[in-house]
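None of the values given here were measured: they were computed from a predicted structure. The figures here come from the full heavy-atom set of this structure, side chains too, leaving out hydrogens, waters and symmetry mates. Lettering follows sequence order; numbering is per chain, from 1.
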Amino acid sequence: MSLQIPYEVTPRLDTGVNNAKLGIWLFLASEIMLFGGLFAAYVFLRMGADAWPGLEIYGTGEMATRADQILNVPLATLNTMILIASSMTMVMAWASLKMDNFSRYKLYMGITILLALGFLVVKAIEYGDKFDHHLYPATNNFLGVYFVLTGLHAIHVTGGIIVNAWFWGPGTKMWTQGTARDKAHFANRIEIAGLYWHFVDLVWIFLFPTIYLI
Amino acid sequence: MNDLSQWMGMPLDASGHGAPIDAMMSWVHWLMLALFLFWAPFFLYTLWRFRQKRQPKAIYKGVKSKFSTYLEGGVVIAEAVLLVGFAFPIWATIKNDFPAESESTIVRVVSEQFAWNMIYPGEDGVFGRTTPTKPINMDPEDPNAADDIIVVGELHLVRDKPVIVHLSSRDVIHSFGLPNMRVKQDAIPGLEIPVWFVPKMSTREFREAMAKTMPISEDATRRATYPPFRWYAMQDYPTADGSMLAESGQRLSPRVLERLFEGGVTDVYAAPDMEIACAQLCGGGHYSMRGTVIVHDTQEEFDAALAEFDF
Amino acid sequence: MAEPHSSSHEHKQGFWRTYWFSTDHKVIGIQYGITALLFLLFGFGLMLLMRWQLASPGVEIPLLGALTPEMYNQFGAMHGTIMVFLGIVPLAVGAFGNYVVPLQIGAPDMAFPRLNMASYHFFFWGGVVMLASFFVPEGAAKAGWTSYPPLADIETMGQTMWLWGMVLLITSSLLGAVNFITTIIQLRADGMTFFRMPFFVWAQFITAFLLLLAFPPLEAAGFLQLADRLLDTSFFLPSGLVTTDGPLEVAGGGSPLLWQHLFWFLAHPEVYVLILPAMGIVAEVLANNTRKPLWGYRLMVYSLIFLGFMSFIVWAHHMFITGMGTAISAFFQVTTMIISIPSVVILSALFITLWGGSIRFTVPMLFALGFLPMFGFGGLTGLPLGLAPTDIPLHDTYYVIGHFHYVVAPGTILAMFAGIYYWYPKITGRELNNTLGHIHFWGSIVSMNVIFFPMLIQGMAGVSRRLFDGGHTYSFSEGVMHYNVLMSVAAFALLAFQIPFLINFFMSLKRGRKTTRDNHWAATTLEWSATPTPPVPHGNFETVPTVYRGPYEYSVPGHATDFLSQDEASPPAAEAVAAEELVEA
Amino acid sequence: MAHEMSLEEVKKHIRVYLLVFGALAVLTVVTVAVSYVHIPFYPALIVALIIASVKAGLVAAYFMHLVGEKQVIMWVLISAGVFLLALFVLFISSYADQEQLALVTHAVNLSHVA
Ligand code: HEA
Ligand code: HEA
Ligand code: CUA
Ligand SMILES: [Cu+2]
């Protein structure tokens, strides 16, 4: 290259951010609209439904209209805790890099990944339980919304795990073998990955009450 | 003169609420025409006036005049007038001012791929229950269903009597389009949407108004070989020996047209019917999802016609 | 500068890295351009088959035989999809945006070159999936480009392919949008303030926002429809559906209107995605060929921003006929009327720019000039559609088809051609032939009008769109059916008039006259003034340009030439003179 | 790297992160607890949404450093927020508007028979 792309690491003066920071926020803005669209669809379907979550599962009656009769709230609460904990370890991982403490970074990042895997395991148990009771996405629209929204969220979690695993494993070369600039670059990348990860957490924060509790 | 709609080739209006829609159509097109007639000559003149040969050096400073601002203000005002003066009131009438049920023809229209089913409640005025597997057919166990009448493809109405249509679909989205009635409403499965209008012309009057002499040429017969040719003879066409090539009221099917052409007739005096056109893509047969609207002059004629469909 | 190895090193990377997996925005731009043009030609081809059928229903097409209604519907749906998502958007944004924006703002490349490459490949594979769907059992999607359920839900496998294709295309557009916005905000050269950006860059900037924020809800809808098709959910299926195959075995309880809301939430902004880059190109070409600054540049930019904002809240004007009540329809009618105002402002500004110019009728200028009345005409026909009562007779008729083809075909496509003729010398270093260009222009604009004007007449008469036989089933359309022959002949003529373009396009690569100067059109913007023709392969500029003034300083009084480039550090005296004369004026 | 934080600052941040985590955990418990007190639908919805918004706000403000983030990013988020709001408000009012037209689902008719 005859010219380097500017502001890859250092922020541009007038905007105060570097390219990747702006880029990830733009991406998150589109994710807001993606999940926003799904939530809007959920609201639309639910407003139009005769009954929600659906009469045919547990018969008629007051209680049957509550989601927590069908979904496993304790497990989901556990999952919420797991996810916010992982969000915290993620930000700690980044802070450790800022403090130039690489081994602490590895630790926190490792925990983040493990927690995320834990989340998926719990999710799998939940899904499996539903399937055992012959509750499928096709059973009714409540379960459809439940599976599609949480499924899409789980895909996002999986994506986050892949990215984080890279930055825990092979990606660390940038820090361990790099120049000072590379190190700064690496810390930026962790911040970016973190922003994504927190967003995934944030989506869950809305999914949990609106699907499980209301 | 102010009625552009005459020049725009809209279908003959046979409804009570069509006139304001057409008037509005004409006003919108006046606005469009005014804008166009303002900018187009300006555009052409500018191109000629400021071509490089005539104007070798461009003028750096731009036009200072405010006339485009005034023009834009004018457009804003015109649009506001169209909205407040026409669009809102017309739409409100169409959507809200339903006629009294007691004075109206009530019909349930259920669309399906690719047909229109008209269901009349019969003498008791109550629609029978439908069965889930055959939402058009009546549930035989329901007493209300016994006198219900189903007519496929023909919407029978009475002149000057308001109609309330309960529109729905049993498979995909169709659109209940009645060009002559200025009615168009999507038929959406899962919803039953009420539509109303008043037919102001009977089929007889409509045919008289639309009747015209159509040349039958080689070309017309060629086009007529494409099956759907839906015009009706408005007079008898006897041969020299007294037999009929075509009778008044007979549909000019391709075969009839050919017969006429071979019998030496070069012009037919013919008229069409009012039609229902499906306006929403609904599958392979969308293009052929046609119905007719038959408006009777009197209630008696209407009753008699419906009785024929009561099995 | 930073790294010693230069462009020559890059060239040793072999064919694949240089031409297929390149990260240079210019190469990617060209990839986008060629692919998109091929898709446009393909979409046009589908349309010609349909026009053949419309002119002579049931008459066999050579080699293909007679069309069936199913084939007609496939071709229609794919024509719409291909033209919009695989033709114009990749050409306007992917090709022109990619190639020109970094050059015009003085950036060495896009902010994320590898993302840029990925975005092209998502687009490419999205296109491949779409095309492949013609070969699956029962063929491609046939529920229209709008894919309304329940029809789309119960359609054949092609519809699933359509959805996967859309997911890829949406992903591509999202990555592109992130890249464009970041590039424009972050990589502007020194002195390139927002209000010194060429109008084209502004147009791409707003377009990128529309793509970024409007596409995701459609992606959401796409996932829901995929679930309906693959997991048997019924998000879009109400209870009690009975098709010709008997009752539908689904839970039901869904809403067909939900899809329409989500679809049009994207698809209305999408139509501005089609038109804004076109306006940007036209503005560039117009300023250059009138030798005069754009009139009301700031006003135009504000209008553009307002247009972008408003385009998100007018979508339900496509749904007046679905049973909309008074309150909501009033809201959407008002917003629809409001959104026409910034278009009027921009178009008026472009018209007024001509006044006082020294107009050169170059080939790109002809196309840009053709755009103006054609877009105006198409835009005006949007007004009766935007008012609910007049939409009743017009909805889903050929009037709608006429309306939007005026904006997309003689509108956007002419503007795209203007862009091709304008930047071709920059990209290739060779000129296109003038005579062939003139034939192409006059032939195209005339035949397009002959195709699309009768559509308005047919629509007024009430002829529905998407009719396999063009409307012969109905007697009310009898009087306007004869136009079909004329329109189809004109469509084939339009094809014929593309031949000079194709010849010109390919022959000039080898035989075209070499451009004698870097700044072929004597333009002021950076892509012409700050880098050689064709531009430096990687990095774009030998030295980073510094920008001193606005984008369209043509015919500045007191300046020696009739253009003052953005990066020309002119002697202070000349500047002073210019400023003085300005004050006097 | 002009905007780098000093070590001190980072340490201060870590305390904040721990506090935020605590708050999030508590709020999660609160939402679940509230849901077990079966209050009527709308109040329940409002409470749940308020708590979720507070939690989301905490995550965004502290974990994602939105507090004190640069203007560009705020503008990006504001534009997404505005259009999201438009999406919701217009979806819900479109739905309400349909009801105003007294649209009856045909399906209801049928389900009685089934
Ligand atoms: C590039 C694409 C594009 C653009 C720019 C527009 C612009 C507009 N469109 Fe169009 N539209 C489409 C593409 C586009 N549209 C498509 C693809 C469809 C159909 C989708 C489908 O159903 O398949 C559609 C459908 C459509 C409908 C739905 C119709 C229906 O289905 O019933 C409506 C209704 O409101 C509408 C309105 C408008 C309006 C008010 C504008 C306004 O923005 C226009 C504003 C412009 C002006 C008002 C012009 C200003 C004129 C002058 C200043 C003077 C002119 C001077 C001379 C002529 C010399 N459009
Ligand atoms: C951007 C969008 C776009 C464009 C440009 C076009 C262009 C054209 N369209 Fe289309 N059209 C749609 C979008 C578009 N269309 C949509 C969305 C629908 C609705 C679909 C539906 O109902 O679901 C539709 C429907 C539609 C119909 C209605 C079908 C029906 O309802 O049954 C018709 C009818 O004639 C038609 C005709 C044409 C014609 C003749 C052109 C011509 O203008 C084509 C002109 C094309 C060119 C001039 C090609 C130029 C390219 C080259 C020359 C290639 C050069 C190549 C290299 C250099 C490698 N279109
Ligand atoms: Cu029914 Cu189209
Ligand atoms: Cu629109």
Side-chain angles (χ1 to χ4, degrees), chain B residues 8-11 21 24-25 28 32 35 39 43 46 50-52 55-63 68 72 75 79 82-83 87-88 90-92 95 113 132-133 135 170-173 179 182 184-186 188-190 193 226 228 230-231 272 275 277 279-284 287-288 290, chain C residues 57 69-70 144 148 150-151 238 240-244 247 256 290-292 295 321-323 325-326 329-330 333 337 341 344-345 348 351-352 354-360 380 383-384 387-390 392-393 395-396 457 460-462 464 466-469 472-476 555-557 585:
Chain B
M8 294 188 303
M10 295 177 76
I21 292 183
M24 183 174 166
M25 189 73 89
V28 187
M32 292 156 63
L35 272 169
W39 280 119
F43 179 61
T46 320
F50 293 100
R51 67 192 192 277
Q52 200 170 26
Q55 178 82 21
K57 181 119 179 68
I59 306 165
Y60 177 75
K61 62 181 165 69
V63 180
S68 71
E72 282 143 20
V75 177
E79 289 183 349
L82 280 171
L83 281 169
F88 296 165
I90 296 176
W91 195 252
K95 287 294 153 180
Q113 286 171 328
T133 48
R170 64 171 214 163
D171 40 38
V172 302
I173 302 177
R182 304 293 187 264
K184 193 175 286 149
Q185 169 63 54
D186 283 358
I188 299 170
I193 302 173
Y226 186 76
R230 317 263 189 192
W231 290 65
E275 291 168 302
Q280 181 65 262
L281 179 61
C282 51
Y287 74 99
S288 61
R290 173 185 178 275
Chain C
E70 276 71 25
Y148 281 4
L151 183 62
L241 288 186
V242 185
T243 66
T244 36
T290 51
R291 316 304 297 160
K292 182 172 173 299
W295 187 85
I321 306 301
T322 56
T326 43
S329 84
Q333 291 179 69
M337 289 301 113
I341 301 300
V344 174
V345 172
S348 302
F351 275 130
I352 297 172
L354 297 171
W355 189 270
S358 163
I359 301 171
R360 305 191 301 210
L380 289 176
L383 298 180
L387 296 161
T390 41
I392 294 174
H395 175 73
D396 263 340
I457 301 176
M460 247 335 151
S464 297
R466 295 163 166 171
L467 294 177
F468 165 65
D469 64 357
H472 282 285
T473 303
Y474 298 99
S475 55
F476 66 79
S555 304
V556 179

*Can you find a heavy atom in the side chain of B:P179 that is under 4.5 Å from one in the side chain of C:Y474?*
no
*Sort C:F476 into side chain, backbone, both or neither according to what part of it lies under 4.5 angstrom from a heavy atom of chain B.*
both
*Which residue out of B:R290, B:K57, B:R182 racks up the most heavy-atom pairs below 4.5 Å with chain C?*
B:R290
*Examine whether an atom of C:S348 lies under 4.5 Å from a heavy atom of chain B, and if so say whether it belongs to the side chain, the backbone or both; otherwise answer neither.*
both
*Search all heavy atoms of B:V75 against all heavy atoms of C:I341 and return the closest pair with its distance.*
CG1-CD1, 3.9 Å
*Below 4.5 Å from any heavy atom of chain C, which atoms of B:I21 appear? Answer side chain, backbone, both or neither.*
both
*Minimal non-hydrogen separation, B:A58 against C:K292, with atom names*: CB-CB, 4.2 Å
*Where is the tightest heavy-atom contact between B:E79 and C:M337, given as atom of each residue plus distance?*
OE1-O, 3.0 Å
_What part of B:V28 gets within 4.5 angstrom of chain C, counting heavy atoms only: side chain, backbone, both, or neither?_
side chain
*Are C:P384 and B:M32 side-chain neighbours, meaning at least one heavy-atom pair lies under 4.5 Å?*
yes
*Where do B:W91 and C:G325 come nearest, in terms of heavy atoms and distance?*
NE1-O, 3.3 Å
_Heavy-atom proximity to chain B below 4.5 Å, by part of C:S475_ = both
*Counting only heavy atoms closer than 4.5 Å, note whether B:E275 contacts chain C via side chain, backbone, both or neither.*
side chain
*asked:* Heavy-atom cut-off 4.5 Å, strictly under: side chain, backbone, both or neither for C:I392 against chain B?
replied: both
*Could you label the plane-to-plane angle of the C:F351 and B:W39 rings as parallel, tilted or perpendicular, counting under 30° as parallel and over 60° as perpendicular?*
parallel
_Is any side-chain heavy atom of C:P150 closer than 4.5 Å to one of B:I173?_
yes
*Hey, does B:Q52 have a side-chain heavy atom less than 4.5 Å from the side chain of C:S358?*
yes
*Under 4.5 Å heavy-atom distance to chain C, tell me which part of B:P189 shows up: side chain, backbone, both or neither.*
both
*Measuring from C:I321:CD1 to B:K184:NZ, what's the distance to the nearest 0.5 Å?*
6.5 Å
*Decide yes or no for B:Q55 and C:I359: does some side-chain heavy atom of the first lie under 4.5 Å from some side-chain heavy atom of the second?*
no
*For the student: nearest non-hydrogen atoms of C:W295 and B:S68, plus distance*: CH2-OG, 3.5 Å
*asked:* Quick check: closest heavy atoms across B:A87 and C:L387, and the distance to 0.1 Å?
replied: CB-CD2, 4.1 Å
*asked:* If we define contacts as heavy-atom pairs under 4.5 Å, which of B:S288, B:C282, B:A277 has the most with chain C?
replied: B:A277
*What distance do B:L281 atom CG and C:D396 atom CG have between them, rounded to the nearest 0.5 Å?*
9.0 Å
*Contact part of C:W355 toward chain B, heavy-atom cut-off under 4.5 Å: side chain, backbone, both or neither?*
both
*Determine the option with the most heavy-atom pairs under 4.5 angstrom with chain B, choosing from C:T243, C:I457, C:L354, C:T290.*
C:L354
*Hey, does the side chain of C:T473 reach the backbone of B:Y287 with a donor-acceptor pair shorter than 3.5 angstrom?*
yes
_Note, B:Q280 side chain near C:L151 side chain (heavy atom, < 4.5 Å)_ = no
